[in-house]
Amino acid sequence: MLDKNFDPRTAEPRLYQAWEESGAFAPTDNPDAEPFSIVIPPPNVTGSLHIGHALNNTLQDVLIRFQRMRGKAALWLPGTDHAGIATQMVVERQLSDAGNMGRRDMGRDAFVAKVWEWKATSGGTIVNQLRRLGASCDWSRERFTLDEGLSAAVRKVFVQLHREGLIYRDKRLVNWDPHFQTAISDLEVEQKEVDGAYWHFAYPLEDGSGEIVVATTRPETMLGDTAVAVHPDDERYKDLVGKKVRLPIVGRLIPIVADEYADPEKGSGAVKITPAHDFNDFQVGKRHGLEAINILDAFGKISENAPAQFQGHDRFVARKMVIEQFEALDLLRGIEKTRHQVPHGDRSGVVIEPWLTDQWYVDAETLAKPAIAAVEDGRTVFEPRNWDKTYFEWMRNIQPWCISRQLWWGHRIPAWYDEDGNIYVEETEAAAIAAAGGKALKQDEDVLDTWFSSGLWAFSTLGWPEQTEDLKRFYPTHTLVTGFDIIFFWVARMMMMGLHFTGEVPFQRVVINALVRDEKGQKMSKSKGNVMDPLLLINKYGCDAVRFTLTAMSGQARDIKLAEQRIEGYRNFGTKLWNATRFAQMNGCVRVEGFDPATATQTLSKWIRGETAKTAAVVTRALEDCAYDEVAGGLYRFIWNVFCDWYLELAKPILNGSDEAAKSEVQAMTAWVLDQCLLMLHPVMPFITEELWQKTAEEGPARDGFLMTASWPAYPDSFIDPAAEGEIGWVVDLVTEVRSLRAEMNVPPGARLPLTLSGASPEAAARLERHRDLILTLARLDSAVLAEAPAPGTAPFVIGEATGALTVAGFIDLAAEKARLAKDIAGHIADMERVNRKLGNPDFMAKAKEEVIAENRAKLADAEAAKTKLEAALKRLETVG
RNA sequence: GGACGUGUAGCUCAGCGGGAGAGCACCUCGUUGACAUCGAGGGGGUCACAGGUUCAAUCCCUGUCACGUCCACCA
């Protein structure tokens with residue numbers, strides 16, 4: 001006998017370990033099995049499981065378990081990302097906390113060795129947390145973006161793209177992070193709105209004939225100004241173009257140039273040009289052959305290219321100094337407070353500076369073209385569909401991708417330089433030296449953007465560039481499940497790299513999962529203190545409850561507002577199933593080997609068999625379409641509202657009755673349906689279902705292996721029996737009507753009342769006859785018989801073509817009952833009027849579809865009949881009254 | 001400025017051309033055994049607003065308002 005409750009704390013680790021040890025997570029080696037593969041979005045190796053991971057990985061696990069049960073060669077390939085900046089940060093902080101020497105003091109090799117050491121001891125955290133979530137990844141294939149194989153793939157890709165001219169080195173403005181002293185890509189820049197101001201500065205004309213006023217939000221950049229621009233059509237400044245101004249403080253003579261970039265509508269219409277520190281100014285500078293003077297160093301301090309008094313001062317200190325000096329020179333013409341967007345590094349949080357350096361770039365525009373086409377023609381589809389618009393929007397406006405980072409942790413760029421600065425890009429140092437004719441070379445100091453290696457993830461993890469069995473079998477992968485926040489970072493780059501290097505899309509379908517927010521819709525963050533730790537939730541409610549909740553809430557919406565109460569509710573759902581199984585055990589509902597539901601003779605058996613088949617159809621289709629909310633909803637309704645609330649209640653009289661044949665059939669059927677529940681629920685709630693699968697085998701025939709590897713159910717349409725459906729539906733309606741009446745009339749629960757049924761068809765009469773015992777029990781009736789007409793003083797209700805009448809003498813409140821009937825009648829009359837209006841409308845009759853007209857006619861007839869019966873009942877009441 | 005999305009019951013959301021739905025919350029009633037982590041019953045909505053298309057609009061179109069997210073912009 002089962003315990004009263006499922007104990008997830010002990011069962012979950014035990015079951016997971018058993019699954020893992022059995023090798024069931026690996027794809028079947030059956031060569032005929034159709035492959036189904038998913039690559040995990042590799043979490044940062046520094047990461048720990050947050051609720052977003054829990055959602056993302058639950059959805060993947062649901063899919064992979066479903067496809068595994070369907071007999072596919074299901075591969076879910078796990079791994080982690082080396083996460084350049086994030087990891088370097090963690091280890092640096094650890095070194096500093098421990099009072100060790102810093103990264104720069106210990107040197108590159110020693111530091112990188114430290115990071116590897118850290119990875120070996122602490123890098124497995126998130127992988128173990130995925131196990132707690134029940135993730136059925138094939139751990140034997142686990143990869144790391146910086147492992148030997150993936151590193152070789154990275155070098156090969158870099159070299160090939162370089163040979164094709166798609167990777168190049170360029171000197172231009174980059175987004176520079178002064179905190180980490182590295183370049184970052186556009187995507188790693190976050191715009192934040194902050195308080196700021198426009199400072200209006202006067203630049204005196206060289207000839208002393210006046211001044212020109214410019215405005216800036218970054219006064220310190222004036223130290224690097226090399227021009228002032230005005231619009232060529234701006235009458236105000238027409239005569240000044242070609243003249244020069246003397247840059248205050250610096251003393252440099254700089255030209256006034258005419259350029260369309262200057263907007264006459266903005267400010268004074270004249271704009272200062274700092275080519276080395278502004279993306280727009282850089283372009284203007286190019287057009288006019290202006291010098292780009294770099295006044296900042298890598299730390300964001302003023303460099304030796306600026307006047308001595310500023311050198312070595314932080315950019316924000318220099319800003320104040322510049323303003324003060326303008327004021328002192330009486331050249332400050334105004335300050336205008338404003339709020340404006342300022343770029344910040346997404347990791348460092350500091351203000352990003354446009355900075356002029358040499359970096360490596362990928363020609364993303366060229367790579368994007370096939371990637372756009374693949375989504376346009378449907379080789380890869382987004383789910384929900386409209387995410388493709390986001391993808392297109394970015395891909396069609398894509399900019400060169402800056403891939404070099406001035407960090408130590410990552411894939412070192414496979415480029416070597418000789419003394420003269422010639423570059424040799426090769427997969428190995430030996431090859432580079434050979435290419436250089438034996439000269440001594442020095443490798444590029446930089447590493448690649450982390451996303452460069454994750455862009456290869458879909459095929460590098462399967463063994464590329466080797467033509468491995470896995471690559472042949474599992475590439476292209478089937479589905480990618482990921483968050484919309486990394487469509488640009490990751491999905492787009494995998495599309496580009498996958499198509500370029502394999503000629504095929506990396507995945508056929510991209511399922512975009514929502515963002516989990518707190519119950520008020522706020523983004524979860526540590527500072528707000530509203531984070532929900534999935535591991536705490538798992539400990540509290542069990543993993544299955546957390547998984548079911550996340551699945552149930554994964555509709556089309558972009559956000560999931562997660563309230564703990566929901567998890568509690570789905571924990572109860574698990575308990576409900578557990579107790580239904582317990583009930584089955586108590587009633588001898590043991591699995592019968594070879595039981596064929598098709599042979600069922602009892603109406604109740606045929607009905608639940610059909611309901612099971614309908615549920616399986618709904619759930620299977622929903623799983624195929626990744627309609628997760630429908631998966632959860634379909635299972636919940638069937639197990640709780642159909643199986644527990646009705647079937648088990650309807651089965652009780654049979655299970656307690658004396659008809660042995662009926663009893664043994666219902667016992668076998670109950671056990672069978674329970675098995676089907678476990679099978680269908682397993683992908684979402686793997687633990688409790690597996691536990692029940694094993695436990696029920698203790699009292700019945702042995703099981704052949706895990707539920708996890710059992711076959712997904714599929715039933716013939718013939719399992720649905722319309723006659724049984726009609727009959728049980730009728731019983732359910734009848735019982736519901738009686739219960740409703742009893743409650744409305746405040747009939748005491750213990751009172752057993754007589755019921756008559758008049759005007760019943762022979763079919764209804766037969767149904768009453770067949771299910772009388774059931775009806776008496778469930779509706780708490782004393783008797784249920786056919787009658788000529790409802791007796792006076794009874795409470796009537798309409799059931800199909802018949803009138804039911806409950807004898808409630810002693811409980812009936814005449815006035816209340818009259819009011820109830822009048823309300824019902826009014827409702828029917830309103831229906832009739834509405835339908836009559838339609839049927840009386842010649843346009844409706846001429847243009848509406850046949851079946852709609854028929855439907856309305858039937859509706860009218862039903863309403864009329866019901867109204868007539870209720871009116872008769874009301875009349876009787878009035879006579880009595 | 002551009003793009004995408006959302007406004008349906010107190011809350012969270014489903015539905016999406018022909019009778020307004022679910023879960024939770026709320027109210028009433030009910031514990032000698034599957035489950036109080038439960039059962040039975042019930043109340044509650046001009047489906048944001050305004051136009052249009054249609055025989056018919058919560059659903060399609062246009063506009064307005066409100067909210068959210070992403071991208072661009074830092075004179």
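Everything quoted here is computed from the prediction, not taken from an experiment. Numbered from 1 within each chain, the chains take letters A, B, ... in sequence-line order.
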Seminar exercise, completed: The contact string for nucleotides 22-28 of chain B, one letter per nucleotide 5' to 3', using protein heavy atoms under 4.0 Å with B, S and - for base, sugar-phosphate only and none, comes out as --SS---
Mind checking salt bridge (charged side-chain N to carboxylate O under 4.0 Å, His left out) for [X] and listing every partner two or more places apart, or none if nothing turns up?
X        : result
A/Asp234 : A/Arg236
A/Arg752 : none
A/Lys4   : none

Side-chain donor-acceptor contacts of residues 843-857 of chain A below 3.5 Å, not counting sequence neighbours, with atom names and distances?
from, atom 1, to, atom 2, distance (Å)
A/Asn856, ND2, A/Val852, O, 2.8

Could you pull out all donor-acceptor pairs under 3.5 Å where a side-chain atom in residues 381-394 of chain A meets a protein atom, sequence neighbours excluded?
from, atom 1, to, atom 2, distance (Å)
A/Arg385, NE, A/Phe382, O, 3.3
A/Tyr391, OH, A/Ala371, O, 2.8

For this session: Scan residues 853-867 of chain A against RNA chain B and write down, sorted by residue number, each residue with any heavy atom closer than 4.0 Å; if none is found, say none.
Result: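 Of all residues in residues 853-867 of chain A, the ones placing a heavy atom under 4.0 Å from RNA chain B are A/Lys859.
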Exercise. Heavy-atom contacts under 4.0 Å between residues 212-221 of chain A and RNA chain B, which residues?
Worked result: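 RNA chain B contact set from residues 212-221 of chain A: A/Ala215, A/Thr216, A/Thr217.
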Exercise. For RNA chain B, what string of dots and brackets results from 5' to 3' when Watson-Crick and G-U pairs need both distances under 3.5 Å, crossing pairs get [ ], and pairs with another strand get |?
Worked result: ((((((((.[[[[.)..(..]]]].(((((.......))))).....[[[[[..)....]]]]])))))))....
Mind listing the side-chain donor-acceptor pairs of residues 625-633 of chain A below 3.5 Å, one per line with the distance, residues two or more places apart or on another chain?
from, atom 1, to, atom 2, distance (Å)
A/Asp625, OD2, A/Arg621, NH1, 2.7
A/Tyr628, OH, A/Leu59, O, 3.1
A/Glu630, OE1, A/Arg621, NH2, 2.7

Problem set entry | Listed once per pair and sorted, the side-chain hydrogen bond (donor to acceptor under 3.5 Å, both in side chains) pairs that draw on residues 220-229 of chain A, sequence neighbours left out |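 Pairs touching residues 220-229 of chain A that pass the test: A/Tyr203-A/Asp225, A/Glu220-A/Arg319, A/Thr221-A/Lys272, A/Asp225-A/Lys272, A/Asp225-A/Thr274.
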For this session: Sort and list the pairs that fulfil ring-ring contact (aromatic ring centres under 6.0 Å, His included) and have at least one residue in residues 540-581 of chain A, not counting sequence neighbours.
Result: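 Qualifying pairs, neighbours excluded: A/Phe6-A/Trp578, A/Phe548-A/Tyr570, A/Phe548-A/Phe573, A/Tyr570-A/Tyr636, A/Phe573-A/Tyr636.
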